[in-house]
2 protein chains.
Amino acid sequence: MNTNESGGLRERKKVATRESLSAAALRLALEHGPENVRVDDIAEAAGVSPRTYNNYFSSREQAIVAAIAAERALRVGAALRARPADEPLAEAVIEAVVEQYGAGSEPTGDALMLITSTPGLRAEFVDTVAGIEQPLAAAIAARTGSDDELGIAVLAAAVSAAARVAVARWVRPAQDTQPMGLVVVSSRPLADLLREALAHLTPALTFPTR
Amino acid sequence: MNTNESGGLRERKKVATRESLSAAALRLALEHGPENVRVDDIAEAAGVSPRTYNNYFSSREQAIVAAIAAERALRVGAALRARPADEPLAEAVIEAVVEQYGAGSEPTGDALMLITSTPGLRAEFVDTVAGIEQPLAAAIAARTGSDDELGIAVLAAAVSAAARVAVARWVRPAQDTQPMGLVVVSSRPLADLLREALAHLTPALTFPTR
DNA sequence: ACACAAAAGTGCGTGCGCGCAAAAATGCGC
DNA sequence: GCGCATTTTTGCGCGCACGCACTTTTGTGT
């Protein structure tokens, strides 16, 4: 039945509510500055109650970043599954992560300005990278056929950690901030940083223990 | 001058306040159950105001776990520095982590019962493992003499992530919980889980990129 | 079409985390 | 010992996260 395939009305309304809330949070943050966004305002703009807002998000930063990072982490698993089956695991993982987080996928313009505007938003954006861990573990397990659950979890966690280091390096404030306290990202493309960071894990992904 | 060596009275009082707060949080949690501990009670027991409590801790779980995990993460860096200089990096790192988190160092008795009693405490305990990342990076840099800052950060982050996976595996609820909903840790010693997890990173620690 | 179950939305109250500014404590030079 | 600078403590107020219980909406079987 159609409702099972795409999820029913309830499921679609749930997704729509979440998207409406994060879109409202982002718009209000861009209009008034992230520190001036109020939960009551976000909820009202999305047409739900503040309590419902908290059913979906535990902080303002989480809601704002959700509109920017939008399930990117979840797509890493799908990207890895889509890599050629005969490609070495290390390369496949690197390209899957770079595809979702670099090479044209990184935030730009107003969104980038926003996530680097406060420590809280920067930290939340960096934290969203951790979301790749579970989908990646599932995709690695499917790809390798390995039943070493701990080993797979460790490799996925290491990749997630390396990606987080690269993203943190990319968004961290420059040592000497620009005039007016402007914060800019690293001049290096995120794809470069990701590849360099993940290259250090190539040996671990290439020579599995056992 | 003496005050510079050990830190002055101000510094010593700061340390004492933090220890007093976390000890009070732990004692009240053991006496009344972690969910019934109030910030006002912790602050009063430690002899400071609730506002001061929040200068040191951002949550009740953080204060409780601080009394249990007590700077263990910071000592991993020192433990690595203390390993034989000619020992391969991978083995030195593994033994340093195991020394601080396993092999007789893991929580037992009431403390163990407490950190596995609620999802919040379990998550906070697992999160404290992330604290090994910076001290470990500093110790790896000192030990290898490498100036590849990103590479060192990635290796330290990967080790931290692997240790977190092992600790999370150790404290996670058993699939079939005991009667009365009792939660127990994995039957395997934490040292075993840590060694197995970190073994997967031995190739990355042994064959540096470059 | 209806009845019932399940899930989502919501109001309310509670506890609390944090920014700000003022008071108190400590460090230091003279 | 004193004056000044710095740091820590604290009170206050605000915004908010969440548990609980109730209402509303959606899903499902008959």
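Chain letters run A, B, ... following the sequence lines, proteins first, then strands; residues in each count from 1.
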Measuring from the side chain of [X] (C-beta onward, heavy atoms only), which nucleotide among [options] has the closest atom?
{"X": "R10(B)", "options": "dT8(D), dT10(C), dG27(D)", "value": "dT8(D)"}
{"X": "N54(B)", "options": "dT8(D), dC18(C), dG9(C)", "value": "dC18(C)"}
{"X": "V39(B)", "options": "dC16(C), dT26(D), dC18(D)", "value": "dC16(C)"}

Value in whole Å for how far the [atom2] atom of [N] lies from [atom1] of [X]:
{"X": "R60(B)", "N": "dG15(C)", "atom1": "CZ", "atom2": "P", "result": "11 Å"}
{"X": "R12(A)", "N": "dG9(C)", "atom1": "CZ", "atom2": "C1'", "result": "18 Å"}
{"X": "E61(A)", "N": "dG17(C)", "atom1": "CD", "atom2": "P", "result": "16 Å"}
{"X": "D40(B)", "N": "dC16(C)", "atom1": "CG", "atom2": "P", "result": "7 Å"}
{"X": "N36(A)", "N": "dG19(C)", "atom1": "CG", "atom2": "C1'", "result": "13 Å"}
{"X": "N55(B)", "N": "dA21(C)", "atom1": "CG", "atom2": "C1'", "result": "14 Å"}
{"X": "Y53(B)", "N": "dC16(C)", "atom1": "OH", "atom2": "C1'", "result": "9 Å"}
{"X": "E11(B)", "N": "dT26(C)", "atom1": "CD", "atom2": "P", "result": "13 Å"}

Under 4.0 Å between a side-chain N/O of [X] and OP1 or OP2 of [N], yes or no?
{"X": "S49(A)", "N": "dT10(C)", "answer": "yes"}
{"X": "K13(B)", "N": "dT26(C)", "answer": "yes"}
{"X": "S59(A)", "N": "dA17(D)", "answer": "no"}
{"X": "T17(B)", "N": "dT8(D)", "answer": "no"}
{"X": "S58(B)", "N": "dG17(C)", "answer": "no"}
{"X": "Y56(A)", "N": "dG9(C)", "answer": "yes"}
{"X": "K14(B)", "N": "dT8(D)", "answer": "yes"}

> So, R72(A) side chain and S105(A) main chain: donor-acceptor pair closer than 3.5 Å or not?
Replying inline: yes

>> Please determine whether side chain to side chain contact (heavy atoms under 4.5 Å, CB included) holds for the pair S22(A) and I64(A), giving the CA-CA distance in whole Å, both sets of side-chain angles, and the decisive distance to 0.1 Å.
In response: CA-CA 6 Å; S22(A) 58; I64(A) 295 170; over 6 Å; no

> For Q62(B), does the CD atom have more than 12 heavy-atom neighbours from other residues, nucleotides or ligands under 6.0 Å away?
Replying inline: yes

> Between R169(B) and E196(B), is a salt bridge (Lys or Arg N to Asp or Glu O under 4.0 Å) present by the stated rule, with each step listed?
Replying inline: CA-CA 12 Å; R169(B) 190 65 53 103; E196(B) 184 179 334; over 6 Å; no

> Stepwise, does the salt bridge (Lys or Arg N to Asp or Glu O under 4.0 Å) test hold for R75(A) with E71(A)?
Replying inline: CA-CA 7 Å; R75(A) 289 201 292 269; E71(A) 278 141 45; 5.1 Å; no

> Between the base of dT10(D) and the side chain of R51(B), is there any donor-acceptor pair under 3.5 Å?
Replying inline: no

